[in-house]
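Accompanying notes for the structure given below.
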Amino acid sequence: MVLVSDAYTTIPATFETPLQEKVYQTLQELDMAFQRVETDEVITMEDCQQINERLDMEMVKTLFLCNRQKTNFYLFVTCGDKPFKSKEFSQALEIARVSFASAEQMASMLGTKIGAATIFSGLLKEADKVQLVLDKAVCEQEYYGCSDGTTTGYLKLKTEDVLQKFLPYVKRQPKIIEV
């Protein structure tokens, strides 16, 4: 069982990672409203159910993928309840099949560990080599729920703010696909 605290609209008292600190600094700088919850460590989408209930929304699923040669990397954001099918993803991008990138690559390029992949890794220079890919269904949701860069902090934001404030701020143009 995952313990979830009440929703807050303030930043954490201390930060677990440099990325987490950058996330909250950026939210303040861009004047992006948010709610957050603190939890025990959350890794799976099943663990996210209590977070969904507490924040009254659905968490996105964020996957870190790469090609066989490990030269092209993709951060794919889709609906949390949607199964990932490598073949459909690859066909939508017209690329060879992909697989999951390693935990080491995730740490070095995204500044996170497994279970904490987030669109906010776009704040890091190391993530410049990663193509951001968004499921069209995510873009159509009112709220965007994601990790704050840790496996213990989760955010509820307006999807419109993520698309119109955050992505332009980090100068990222996502590829939007239907799968």
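These numbers come from the heavy atoms of this one structure, side chains and all, not from hydrogens, waters or symmetry mates.
The shortest side-chain heavy-atom distance between Lys87 and Arg97 falls under the 4.5 Å cut-off. Looking only at side-chain heavy atoms (C-beta outward), Val133 and Phe89 come within less than 4.5 Å of each other. The side-chain heavy atoms of Leu132 and Val77, taken from C-beta on, include a pair separated by under 4.5 Å. The side-chain heavy atoms of Ser99 and Cys66, taken from C-beta on, include a pair separated by under 4.5 Å. For the pair Phe15 and Thr150, the minimum side-chain heavy-atom distance is 4.5 Å or more. A heavy-atom distance below 4.5 Å is not found between the side chains of Leu75 and Leu63. With contacts defined as side-chain heavy-atom distances shorter than 4.5 Å, the pair Leu157/Tyr143 does not qualify.
Annotation for Gln91: atom CD counts as buried by contact number, over 12 foreign heavy atoms lying within 6.0 Å. Other residues, nucleotides and ligands place more than 12 heavy atoms under 6.0 Å from the CD atom of Glu140. Within 6.0 Å of CD in Glu178 there are 12 or fewer heavy atoms belonging to other residues, nucleotides or ligands. Annotation for Lys165: atom NZ counts as buried by contact number, over 12 foreign heavy atoms lying within 6.0 Å. In the displayed structure, Lys82 atom NZ is contacted under 6.0 Å by more than 12 heavy atoms of other residues, nucleotides or ligands.
For the residue pair Thr26/Glu29, the side-chain donor-acceptor check at 3.5 Å is not satisfied. No side-chain N or O of Tyr154 forms a donor-acceptor pair with one of Glu38 less than 3.5 Å apart. Donor-acceptor pairing under 3.5 Å is recorded for the side chains of Thr152 and Glu16.
Interatomic distance, Ser90 OG to Ile95 CD1, rounded to the nearest 0.5 Å: 4.5 Å. With rounding to the nearest 0.5 Å, the separation of CD in Gln105 from CG in Leu65 is 11.0 Å. Considering OG1 of Thr71 and NZ of Lys129, their distance stands at 11.5 Å, rounded to 0.5 Å. Note that the CD atom of Gln141 and the CE atom of Met57 stand 9.0 Å from one another [nearest 0.5 Å]. Taking NZ from Lys175 and CG from Leu134, the interatomic distance works out to 11.5 Å, rounded to the nearest 0.5 Å. Atom-to-atom distance recorded for Ser102:OG and Ile114:CD1 is 8.5 Å, nearest 0.5 angstrom.
Contact record, Val138 with Cys79: CG2-N, 3.6 Å, taken as the closest heavy-atom pair. Considering all non-hydrogen atoms of both residues, Leu110 and Ser121 come closest at O-OG, 2.6 Å. Heavy-atom minimum distance, Pro83 versus Lys61: CA-NZ, 4.0 Å. When all heavy atoms of Ser147 and Thr118 are compared, the pair lying nearest together is O-OG1, 3.0 Å. For the residue pair Val162 and Met32, the shortest heavy atom distance occurs at N-CE, 4.0 Å. Residues Thr112 and Ala116 approach most closely at CG2-O, 3.4 Å, considering heavy atoms.
Salt-bridge formation is detected for the pair Glu41/Lys113: a Lys NZ or Arg NE/NH1/NH2 atom is positioned less than 4.0 Å from an Asp or Glu carboxylate oxygen.
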Exercise for review: Please test Asp135 against Val60 for side chain to side chain contact (heavy atoms under 4.5 Å, CB included), starting from the C-alpha separation and ending with a verdict.
Suggested key: CA-CA 10 Å; Asp135 186 332; Val60 297; over 6 Å; no
Practice item. Assess whether side chain to side chain contact (heavy atoms under 4.5 Å, CB included) is satisfied between Asp128 and Lys125, documenting all intermediate values. Key: CA-CA 6 Å; Asp128 286 350; Lys125 184 179 186 285; 4.0 Å; yes
Check your understanding: Step by step, would you call Val23 with Ile11 a side chain to side chain contact (heavy atoms under 4.5 Å, CB included)?
Key -> CA-CA 10 Å; Val23 167; Ile11 63 172; over 6 Å; no
**Study point:** Steps toward side chain to side chain contact (heavy atoms under 4.5 Å, CB included) verdict (Ile177, Glu88)
**Key:** CA-CA 10 Å; Ile177 63 172; Glu88 289 177 11; over 6 Å; no
Point to revise | Test salt bridge (Lys or Arg N to Asp or Glu O under 4.0 Å) applied to Arg36 and Asp148, step by step | key: CA-CA 9 Å; Arg36 73 175 174 91; Asp148 67 1; over 6 Å; no
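The hydrophobic clustering, which links ILVMFWY residues whose side-chain heavy atoms are closer than 4.5 Å, places Ile176 and Tyr74 apart. One hydrophobic cluster, built from ILVMFWY side chains closer than 4.5 Å, cannot hold both Met109 and Val98; they sit in different ones. In the hydrophobic clustering of this structure, Val130 groups with Leu163; members are Ile, Leu, Val, Met, Phe, Trp, Tyr whose side-chain heavy atoms approach within less than 4.5 Å, directly or through other members.
Formation of a donor-acceptor pair under 3.5 Å by the Lys156 side chain with backbone atoms of Leu55 is found in this model.
Classification of the Phe84-Phe76 ring pair by plane angle, with boundaries at 30° and 60°, yields tilted.
The only option from Gln28, Glu21, Gln20 that meets the side-chain contact (heavy atoms from CB on, under 4.5 Å) definition with Tyr24 turns out to be Gln20. The ring-ring contact (aromatic ring centres under 6.0 Å, His included) with Phe120 is formed by just one residue from the set Phe166, Phe34, Tyr144; it is Phe166.
Aromatic ring centres of Phe64 and Phe73: separated by under 6.0 Å.
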